[in-house]
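Read through the structure below, which is laid out as structure tokens, and then see the notes.
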Amino acid sequence: MAKVVLSQVEKVYPNGFKAVHGVDLEIKDGEFMVLVGPSGCAKSTTLRMIAGLEDISGGKIFIGDREVNDIPPKDRGIAMVFQNYALYPHMTVYENMGFSLKIKKLPKDQIDKKVKETAKILGIEDLLQRRPKELSGGQRQRVAVGRAIVRDPDVFLFDEPLSNLDAKLRVHMRVQLSQLHKRLKTTMIYVTHDQVEAMTMGDRIAVMHLGKVMQVDSPLNLYHYPANKFVAGFIGSPSMNLIEGELINKNNRIAFKMGGIELTLPDSKGERIKDHVGKKVWFGIRPEHIDFTEREETVPLKGKISVVEHMGNESFVHFSLGDMQITAKLDSMDSMGLSYDDEKHFCFHMDKCHIFDYDNELNLSL
Ligand SMILES: Nc1ncnc2c1ncn2[C@@H]1O[C@H](COP(=O)(O)OP(=O)(O)OP(=O)(O)O)[C@@H](O)[C@H]1O
Ligand SMILES: [Mg+2]
């Protein structure tokens with residue numbers, strides 16, 4: 001077990017492209033840390049630098065108390081599971097799982113014990129004599145994880161290990177991996193572009209964008225207190241509605257104004273952003289904070305429905321407000337009978353809104 005620390009880590013690829021910009025990140029001993037972000041944000045590059053598969057162009061990486069910048073991958077105490085599993089096709093599951101131990105010249109009986117114990121944890125004891133091509137995607141994935149477990153690493157590194165699986169199996173394996181972490185209590189760093197995986201699996205999540213870490217926090221803190229517009233828009237599904245406009249003073253209260261529409265903010269929020277009156281800002285509100293229920297601090301606005309998507313338990317109602325498209329997430333009972341072109345009063349729950357600086361995109365309303 002070990003903590004992992006990245007200090008001002010940079011990556012410049014040989015073609016001159018700078019993929020990672022001064023990343024600071026501390027992963028605690030035994031923590032399940034998820035690196036999440038859109039394609040190309042440098043999740044894999046960061047993970048591969050931790051693994052030692054990619055040189056570090058600047059900064060330092062520590063695993064445990066050891067700086068590992070110049071330590072080869074095999075001596076870093078890590079085990080990595082890749083998206084494509086990279087199993088040896090000509091070997092049985094047993095041989096695949098035991099291979100790294102055989103290389104280390106462990107006695108046969110010890111290898112046997114370790115492989116069988118691990119197979120039991122993963123529920124693949126019956127598959128040990130099969131070859132990878134005789135396995136389903138989920139089974140292959142478990143073998144790849146098993147191959148990592150037998151090495152007793154201080155840190156597990158996962159790069160999108162579930163992305164080749166169908167939706168149902170992903171959900172199943174997600175739960176299995178979370179349970180595995182609870183059981184092994186080993187530090188795990190898990191890369192995904194899927195925010196649902198990030199939210200459900202991570203003790204903490206590092207949200208990345210363009211080679212930088214935008215925010216590191218627990219899933220619920222990221223959701224409720226996004227530090228900036230990028231995190232606000234990335235975490236949550238459907239995405240937060242983000243609208244540009246300006247802050248104005250209206251009858252001694254602060255309001256957000258866009259076109260002819262004004263949304264008065266609760267005083268508690270207004271107080272925090274009063275220095276920004278007269279400036280351009282982004283207004284953010286999550287779809288679940290728009291509905292048909294009037295409460296204190298709610299502003300009703302008339303919108304015209306463009307699409308209703310029924311999910312069963314809930315519905316996503318897309319409507320236009322002036323020339324803006326907004327999405328509301330409603331209880332499915334509340335969306336019954338709604339249809340295209342209907343005009344409705346949508347209630348914006350302003351106590352739940354966020355205001356972001358227009359230029360640096362930081363959340364001003366926290
Ligand atoms: N060998 C390379 N040479 C130059 N640029 C590279 C190289 N490998 C990756 N990159 C670039 O570095 C950036 C980060 O790539 P990386 O693979 O780390 O992204 P990612 O977040 O893992 O994306 P994905 O979700 O698609 O896997 C991308 O812009 C990519 O094009
Ligand atoms: Mg990647």
Side-chain angles (χ1 to χ4, degrees), residues 4-25 27 32-61 63 68-69 72-73 76 78-87 137 140-141 144-145 148 155-167 169-171 173-174 177 187-202 204-217 219 222 226-237 239 361:
V4 176
V5 178
L6 281 69
S7 170
Q8 282 300 303
V9 169
E10 312 245 326
K11 176 67 188 182
V12 182
Y13 276 111
N15 67 355
F17 179 73
K18 188 163 183 179
V20 177
H21 301 253
V23 163
D24 287 314
L25 187 61
I27 299 133
F32 197 122
M33 171 68 83
V34 177
L35 306 185
V36 71
S39 183
C41 73
K43 305 176 294 292
S44 297
T45 303
T46 306
L47 197 73
R48 291 170 60 83
M49 284 195 287
I50 298 170
L53 301 173
E54 226 29 280
D55 291 338
I56 301 160
S57 315
K60 287 180 179 169
I61 296 182
I63 298 178
V68 296
N69 283 36
R76 290 192 182 198
I78 50 109
M80 188 150 168
V81 179
F82 298 90
Q83 177 176 353
N84 60 9
Y85 319 140
L87 299 176
R140 274 180 220 166
Q141 205 274 341
V145 173
V155 182
F156 284 96
L157 305 176
F158 295 96
D159 194 349
E160 311 237 14
L162 306 186
S163 56
N164 285 346
L165 305 179
D166 67 48
L169 198 51
R170 283 177 79 132
V171 175
M173 288 308 298
R174 204 163 82 195
L177 282 179
T187 312
M188 294 188 175
I189 310 178
Y190 186 100
V191 161
T192 179
H193 64 272
D194 178 351
Q195 56 123 347
V196 176
E197 262 177 39
M199 291 293 281
T200 51
M201 298 175 84
R204 285 192 306 155
I205 302 172
V207 181
M208 295 188 68
H209 178 47
L210 300 175
K212 293 185 182 140
V213 172
M214 304 302 284
Q215 187 174 3
V216 187
D217 215 328
L222 285 182
N228 50 62
K229 175 172 162 258
F230 180 81
V231 173
F234 190 78
I235 299 287
S237 178
S239 296
E361 302 193 345

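In this text the structure is predicted, and so the values were computed from the model without any measurement. Numbering of ligands and ligand atoms starts at 1, following listing order.
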Could you tell me the residue and atom name of the protein heavy atom closest to atom 25 (O) of ligand 1, and the distance to it rounded to 0.1 Å? K43 NZ, 2.8 Å
With only distance considered, is F17 within less than 3.5 Å of ligand 1 through an N or O on each side? no
So, taking the atom named CG in L162 and the one named CE in M201, what distance separates them when rounded to the nearest 0.5 Å? 6.0 Å
Taking the inter-plane angle between the rings of F158 and Y190 on a 0 to 90° scale, is it parallel (under 30°), tilted (30 to 60°) or perpendicular (over 60°)? tilted
Above 12 or not: heavy atoms from other molecules or residues under 6.0 Å from CG of D55? no
E160: numbered ligand 1 atoms lying under 4.0 Å from its heavy atoms: 25 (O)
Under 4.0 Å to a heavy atom of N15 - the qualifying atoms of ligand 1, by number: 4 (C)
Measure the distances from the heavy atoms of K11 to every atom of ligand 1 and state whether one is below 4.0 angstrom. no
Those residues at least two apart in sequence (or on a different chain) that pass salt bridge (charged side-chain N to carboxylate O under 4.0 Å, His left out) with R140 are none
Atom 26 (O) of ligand 1 sits nearest the protein heavy atom S39 OG, 2.5 Å
Would you kindly specify which portion of R48 sits under 4.0 Å from ligand 1, judged on non-hydrogen atoms: side chain, backbone, both or neither? neither
Could E197 and R174 be called an ion pair, given the rule that one side-chain N must be under 4.0 Å from one carboxylate O? no
Would you say atom 9 (C) of ligand 1 has a protein heavy atom nearer than 4.0 Å? yes
Please report which non-hydrogen protein atom sits nearest to atom 16 (P) of ligand 1, along with the residue it belongs to and the distance in Å to one decimal place. T45 OG1, 3.5 Å
Can you measure from CE (M33) to CE (M188) and round to the nearest 0.5 angstrom? 14.5 Å
From Q195 CD over to T200 OG1, what is the distance, rounded to the nearest 0.5 angstrom? 9.5 Å
Shortest protein contact, atom 5 (N) of ligand 1 (heavy atom only): Y13 CD1, 3.3 Å
Looking at G40, G37, A19, S163, the heavy atom closest to atom 23 (O) of ligand 1 belongs to G40
Quick one: which of L53, L47, T187 gives a side chain to side chain contact (heavy atoms under 4.5 Å, CB included) with L157? L47
Has K60 got more than 12 heavy atoms of other residues, nucleotides or ligands less than 6.0 Å from its NZ? no
In chain order, what residues pass the side chain to side chain contact (heavy atoms under 4.5 Å, CB included) check against S239, with sequence neighbours excluded? none
Of all protein heavy atoms, the one nearest atom 22 (O) of ligand 1 is S44 OG, 2.8 Å
Any chance you could measure I235, atom CD1, to I205, atom CD1, to the nearest 0.5 Å? 5.0 Å
At a cut-off of 2.8 Å, what protein N/O/S atoms sit near the Mg ion (ligand 2)? S44 OG
Return yes when at least one protein heavy atom is under 4.0 Å from atom 19 (O) of ligand 1, and no when none is. yes
Taking only residues two or more places apart in sequence, or in another chain, which ones meet D166 in a side chain to side chain contact (heavy atoms under 4.5 Å, CB included)? K168, L169
